[in-house]
Amino acid sequence: MPYLFAGGALALVLVMTLFPFLNTLALSFTDATMLKGGQFVGLDNFRALLDDARFTTALLNSTLYVVCVVPFMVLLPLVLATLAAGRGRLLGFFRTAYYLPVVMGAVASGLVWTSLLESRGLVNSLLSWLHVVGAPVPFLTDRWLLLISAMVVTVWMGMGYYMVIYLAALANIDPALYDAAAVDGAGPVRKFRSVTMPGVRNTMALIAMFSSVAAFRVFSEVYILTGGTGGPGGSVTTMTMLIQREGTGLQAQTGYAGAISLVMFVVLAALLVLQLVVQNRQGKN
């Protein structure tokens, strides 16, 4: 009977997850295109990746995304959750406002930020009005500014989601610990460091894993801010954008795209294993 109830979900996983993964794994060792099945070519696709400057750029951008975004995703939502914890209409309003970007979705948020950051957008107009800059800041045309802008959008969109997770974790901290810290003369910052952060350590590790995977797989924010071009000369292309570019359209190289997908899977698996090892060591200490 349990298998009968789980049969629908298992069938969905098999059709939508396991079969596509196995199919991608098989395609990665072929020269398949959109119009032909292809022949087995062994490791040729992976050798071609080593000489592909686009792949190197995409891997670098996705790695930088993880390195820069994850620390903010772990700490900023915790700070917001600490400030918004408790009861009251005003706090409820702030929690709703923080969560609003999550409800908006990536496409709507990307379009809003594109209009804000363009050369005649609100941000450049405000900087010009304040006489901070003499010419529009190239937020959407300079490689590094564009990448940083996409990171800001990602952090802005994800803070509300992770804040809700932290709020649930904060509710499990014994209030007596804060009272004891106050008796010892601890201020708000000291309480945050000595009580709040240790109390949600496991949640921080969980959010670090979630945000690492999401950051390495980033697509919508960069795609919308760059108009689908990957920035000037494709310099802001990420791994998922490269897979989409190689694996769609009549000229799609599905075998090559499968090889990129497999490399991305291996990198993510290694990242998760590394985080689990670090978390286990911290738990033992």
Side-chain angles (χ1 to χ4, degrees), residues 52-80 97-98 100-163 207-208 210-246 260 263-264 267-268 271:
D52 191 344
R54 299 174 305 162
F55 172 76
T56 305
T57 299
L59 183 60
L60 174 62
N61 290 334
S62 295
T63 303
L64 288 175
Y65 225 90
V66 173
V67 173
C68 297
V69 168
V70 172
F72 289 101
M73 282 297 198
V74 173
L75 293 177
L76 287 183
L78 178 57
V79 175
L80 291 180
Y98 295 149
L100 186 60
V102 181
V103 180
M104 290 176 60
V107 175
S109 299
L111 292 175
V112 169
W113 279 93
T114 299
S115 63
L116 288 175
L117 297 176
E118 62 183 2
S119 59
R120 296 184 180 180
L122 178 62
V123 175
N124 271 311
S125 298
L126 181 61
L127 293 176
S128 177
W129 181 71
L130 294 174
H131 301 289
V132 176
V133 296
V137 181
F139 291 111
L140 302 180
T141 54
D142 179 79
R143 174 187 180 180
W144 300 112
L145 286 178
L146 181 53
L147 192 61
I148 293 173
S149 299
M151 293 177 183
V152 171
V153 176
T154 299
V155 173
W156 179 75
M157 289 175 53
M159 284 194 303
Y161 176 77
Y162 295 121
M163 179 196 70
I207 289 178
F210 286 166
S211 58
S212 296
V213 173
F216 198 80
R217 296 174 55 208
V218 65
F219 176 80
S220 300
E221 298 92 308
V222 180
Y223 186 86
I224 294 172
L225 287 180
T226 61
T229 64
S235 58
V236 194
T237 300
T238 61
M239 291 288 286
T240 48
M241 290 183 65
L242 184 60
I243 293 171
Q244 182 265 346
R245 186 171 300 174
E246 292 294 322
I260 302 173
V263 171
M264 183 174 177
V267 172
L268 285 174
L271 180 61

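As the structure is a prediction and not an experimental result, all values here were calculated from the model.
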Using modelled atom types only, decide if a donor and an acceptor are shared between the side chain of [X] and the backbone of [Y] within a distance under 3.5 Å.
| X | Y | result |
| --- | --- | --- |
| Thr154 | Ala150 | yes |
| Arg217 | Met239 | no |
| Thr238 | Val218 | yes |
| Asn124 | Arg120 | no |

Could you state the interatomic distance from [atom1] ([X]) to [atom2] ([Y]), rounded to the nearest 0.5 Å?
| X | Y | atom1 | atom2 | answer |
| --- | --- | --- | --- | --- |
| Phe219 | Thr237 | CZ | OG1 | 10.5 Å |
| Leu100 | Trp156 | CG | CH2 | 7.0 Å |
| Phe139 | Leu116 | CZ | CG | 10.5 Å |
| Leu147 | Ser235 | CG | OG | 8.5 Å |
| Leu146 | Met151 | CG | CE | 10.0 Å |

Considering all heavy atoms, the nearest [X]-[Y] contact:
| X | Y | result |
| --- | --- | --- |
| Met73 | Gly158 | CE-CA, 3.7 Å |
| Val70 | Ser212 | CG2-OG, 3.5 Å |
| Pro101 | Ala97 | CD-O, 3.5 Å |
| Val267 | Phe216 | CG1-CZ, 3.6 Å |

Taking atom CZ as the centre, does Arg143 end up with more than 12 heavy-atom neighbours from other residues, nucleotides or ligands that are less than 6.0 angstrom away?
yes

If you draw a 6.0 Å radius around OH in Tyr161, do more than 12 non-hydrogen atoms from other residues or ligands fall strictly inside?
no

Holding to side chain to side chain contact (heavy atoms under 4.5 Å, CB included), I want the full list of residues that pass it with Glu246, two or more places apart in sequence or in another chain.
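Arg54, Leu242, Gln253, Tyr256, Ala257, Ile260.
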
